[in-house]
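One structure below.
Each ligand, and each atom within it, is numbered from 1 in the order the structure gives.
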Amino acid sequence: MEELFDLPIQTKQRNVSSKPFHGYLNHNLYQSFGINEANLAEKVKDFTQQLWPDHGNQKIIIHSPPPDNDGDDEETKLGLRSHSDKNIITILHQYQVDGLEIKTKDEKWFKVKPSQHSFIIMVGDSLCAFLNGRLSSPYHRVRMTAKKTRYSTALFSVPKTGVIIDSPEELMDEEHPRMFKPFEYNNYRDFFNTEAGRIAQSTLHAFCAL
Ligand SMILES: O=C(O)CCC(=O)C(=O)O
Ligand SMILES: [Fe+2]
């Protein structure tokens with residue numbers, strides 16, 4: 001992991017994608033790489049070949065450098081701003097350094113302290129919409145409190161292009177009326193990439209709530 005993030009910036013920038021948020025990203029407090037269709041060994045190999053043309057198998061993803069001061073300024077501690085994931089399901093692993101926080105329905109943040117041998121499975125907005133809101137997609141953020149570099153790896157499952165996310169009738173009744181208009185994932189992701197999508201309190205509700 002360290003070897004990956006220590007590569008020269010020009011090498012890291014070889015990880016490009018035509019899709020938003022899918023290539024190498026470098027923000028103040030974090031850097032990330034993306035592998036599209038990471039379930040396919042071939043795609044992972046392409047990624048490693050881009051970065052290390054002469055040898056194989058290393059994997060990714062998110063890296064937050066330590067906060068650069070000891071102050072209590074919340075902004076400087078935020079490695080990743082509060083958001084819900086837009087995809088179906090996220091499988092997340094954080095290494096030695098904690099930082100992930102999840103917001104409860106009553107708006108309280110709690111620190112996730114997974115063992116190094118476990119994964120966090122998180123519901124994304126697309127699954128929330130498909131399930132007519134029966135499971136919600138939690139807001140989460142990364143807050144850096146230790147003076148250590150933090151690494152995490154995430155696998156985001158994403159609907160295939162053209163698939164319409166449409167909640168089945170079985171999940172609707174008088175107590176649970178239809179909550180969301182059917183939508184195609186790429187249109188939702190593109191909406192999130194607009195000003196209106198980014199500033200919305202809930203991107204999902206702004207995009208397709210009924
Ligand atoms: O680094 C983490 O633990 C969280 C990453 C995350 O929430 C994301 O990339 O959507
Ligand atoms: Fe996330």
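At a 4.0 Å heavy-atom cut-off, ligand 1 touches D85 through the side chain alone.
Between F207 and Y188, the two ring planes are tilted [angle within 30° to 60°]. Classified by interplanar angle (parallel below 30°, tilted 30° to 60°, perpendicular above 60°), the ring pair Y24/F33 is tilted. The aromatic rings of Y151 and Y95 lie perpendicular to each other, with more than 60° between the two planes, well past the 30° mark.
For ligand 1, the atoms closer than 4.0 angstrom to any heavy atom of R150 are 1 (O), 2 (C), 3 (O). Counting the atoms of ligand 1 from 1 in the order shown, those under 4.0 Å from a heavy atom of L80 are 5 (C), 6 (C), 7 (O), 8 (C), 9 (O). Residue contact check: F156 has heavy atoms under 4.0 Å from atoms 8 (C), 9 (O), 10 (O) of ligand 1.
Of the polar atoms of Q94, none of the N or O atoms is found under 3.5 Å from an N or O of ligand 1, judged by distance alone.
In summary, the side chains of K12 and Q31 do present a donor paired with an acceptor at a separation below 3.5 Å, with no hydrogens or angles considered.
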Starting from the C-alpha separation in whole Å, work towards a yes-or-no answer on side chain to side chain donor-acceptor pair (under 3.5 Å) for S157 and N87.
CA-CA 6 Å; S157 68; N87 51 299; 4.7 Å; no
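Here the N, O or S atom of H83 that is nearest to the Fe ion (ligand 2) is NE2. Taking the N/O/S atoms of D85 in turn, the shortest distance to the Fe ion (ligand 2) belongs to OD1.
Taking K113 as the reference, D98 meet the side chain to side chain donor-acceptor pair (under 3.5 Å) condition, with sequence neighbours excluded.
In this comparison of H83, K86, R141, the heavy atom closest to atom 8 (C) of ligand 1 sits on H83.
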